[in-house]
Amino acid sequence: PDLSLVVACLGLYVAAAAQVRSGAETALAIAHRAFTQPIVAMANRALLVAGDLKLGRQNWRETLAHLQALERQVERLSRENQLLTSELLALRQANAVLAAYPSLQAQAILASVVSRDVLGSHTLVLDRGRRHGVERDAAVLAADGVLGRVDLVWEDASRVQLLSHPAAAAAAQVVGVEGEALLVGGERPRLEGFPPYTTVPPQAPVLTTGSEGIYPPGLPLGISGEARNEALFTVVPVTLVARPEKAVSVLVIPRSRRAP
């Protein structure tokens, strides 16, 4: 009986609440809204959080992809910068070597060094060969002096035997000293052929004479050191002035192009 009474009262309350209005709403609508609003708000917040998480993952992926693209771009720009630096160095050396020998420009072939073995075989390889007019025994010059001569020629490349090669030689003179000597290559280049007790000042320029038929006269070979007497000759150590390890652009002077 008590339970029946409670159910009956609850039914009457609900019915009455459905009829009672607060403004434009019934009491039942107000009660429903009061009950459901927190649930709806929580659900909406959960959806927003889920959206933020999804957007965050998406932004993270986009950011990572953007960073990877930037890394690839930086690598590409670094390679391009290295190439531009090499090209700029070659251009500067080309201008310097041309400016160093204005009288030889009309006879010269401008070439680039593509490989080198300065300490082993004492050679350079150039990007100019027979097709470009390069000949065997052509003189090869850097801006600061003679590098050596061409000893091998291919169609599109050539090899230079450096003055530091053990078999290298050039007719030479020391500024301020009478007579001619022979510059002999090797690990310690030297002048041989001066008469005994010839006075050769140290730190004097050593130039080509051209009598061997390979190098034009008057080109820088090196700087003289302290002379010493050996047997019947005065021997003079020479420090070569051309730096093959730094050569990028060189001049090749074929003998057939030289003025008689």
Side-chain angles (χ1 to χ4, degrees), residues 83 85-173 180 182-186 189 191 205-223 238-260:
L83 291 174
T85 301
S86 299
E87 291 174 358
L88 179 60
L89 176 61
L91 181 60
R92 286 176 175 172
Q93 278 206 12
N95 288 333
V97 73
L98 287 170
Y101 309 103
S103 63
L104 298 176
Q105 289 183 16
Q107 313 161 28
I109 300 168
L110 187 62
S112 296
V113 176
V114 295
S115 68
R116 72 193 76 217
D117 183 10
V118 176
L119 299 178
S121 62
H122 301 276
T123 57
L124 305 176
V125 176
L126 309 180
D127 66 346
R128 294 292 184 267
R130 189 177 297 108
R131 185 167 64 89
H132 308 94
V134 177
E135 304 168 355
R136 193 171 183 272
D137 284 335
V140 180
L141 315 177
D144 43 6
V146 176
L147 285 166
R149 67 178 182 89
V150 173
D151 69 339
L152 284 177
V153 184
W154 300 286
E155 190 64 22
D156 291 300
S158 54
R159 191 181 74 174
V160 180
Q161 180 192 80
L162 299 172
L163 287 176
S164 58
H165 192 284
Q173 63 179 356
E180 184 181 74
L182 184 67
L183 174 68
V184 179
L191 291 174
V206 180
L207 308 178
T208 58
T209 64
S211 64
E212 82 289 299
I214 296 176
Y215 303 105
L219 300 178
L221 288 169
I223 301 295
V238 174
T239 301
L240 301 176
V241 291
R243 303 290 298 275
E245 70 275 9
K246 294 185 176 181
V248 176
S249 297
V250 300
L251 283 186
V252 181
I253 314 295
R255 290 192 295 176
S256 64
R257 292 192 180 189
R258 288 166 55 181

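Start at 1 with the first residue, then count along the sequence.
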Listed partners of [X] passing side-chain hydrogen bond (donor to acceptor under 3.5 Å, both in side chains), at least two apart:
X: Ser103; result: none
X: Asp127; result: none
X: Thr123; result: Ser121

Point to revise | side chain to side chain contact (heavy atoms under 4.5 Å, CB included) partners for Ile223, two or more places apart | key: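 Testing Ile223 for side chain to side chain contact (heavy atoms under 4.5 Å, CB included), a comparison that skips the adjacent residues, returns Gln203, Val241.
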Check your understanding: With Leu182, which residues qualify under side chain to side chain contact (heavy atoms under 4.5 Å, CB included), at least two apart?
Key ->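 By the side chain to side chain contact (heavy atoms under 4.5 Å, CB included) rule, Leu182 matches Ala169, Val184.
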Closest approach of [X] and [Y], non-hydrogen atoms and distance?
X: Ser158; Y: Arg128; value: OG-O, 2.7 Å
X: Ala172; Y: Glu180; value: O-CG, 3.3 Å
X: Leu119; Y: His122; value: O-NE2, 3.6 Å
X: Ala170; Y: Tyr215; value: CB-CE1, 3.7 Å
X: Tyr101; Y: Ala143; value: OH-O, 3.7 Å
X: Val140; Y: Val252; value: CG2-CG2, 4.4 Å

Heavy-atom donor-acceptor pair, [X] side chain to [Y] backbone, under 3.5 Å:
X: Gln105; Y: Leu98; value: yes
X: Thr209; Y: Pro217; value: no
X: His165; Y: Ala167; value: yes

Exercise for review: Apply the test side chain to side chain contact (heavy atoms under 4.5 Å, CB included) to residues Asp156 and His132: give CA-CA distance (whole Å), side-chain angles for both, the deciding distance (0.1 Å), then the verdict.
Suggested key: CA-CA 7 Å; Asp156 291 300; His132 308 94; 3.7 Å; yes
Review point. What side-chain hydrogen bond (donor to acceptor under 3.5 Å, both in side chains) pairs are there with at least one residue in residues 136-145, not counting sequence neighbours?
Key: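 As it turns out, the side-chain hydrogen bond (donor to acceptor under 3.5 Å, both in side chains) pairs with a partner in residues 136-145, which skip direct neighbours, are Asp137-Arg149.
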Point-to-point distance, once rounded to the nearest 0.5 Å, from [atom1] of [X] to [atom2] of [Y]:
X: Leu219; Y: Leu147; atom1: CG; atom2: CG; value: 11.0 Å
X: Leu110; Y: Leu251; atom1: CG; atom2: CG; value: 6.0 Å
X: Ile109; Y: Glu135; atom1: CD1; atom2: CD; value: 7.5 Å

Below 4.5 Å, heavy atoms only, C-beta onward: do [X] and [Y] meet side chain to side chain?
X: Leu126; Y: Val134; result: no
X: Leu240; Y: Leu183; result: yes
X: Val160; Y: Val113; result: no

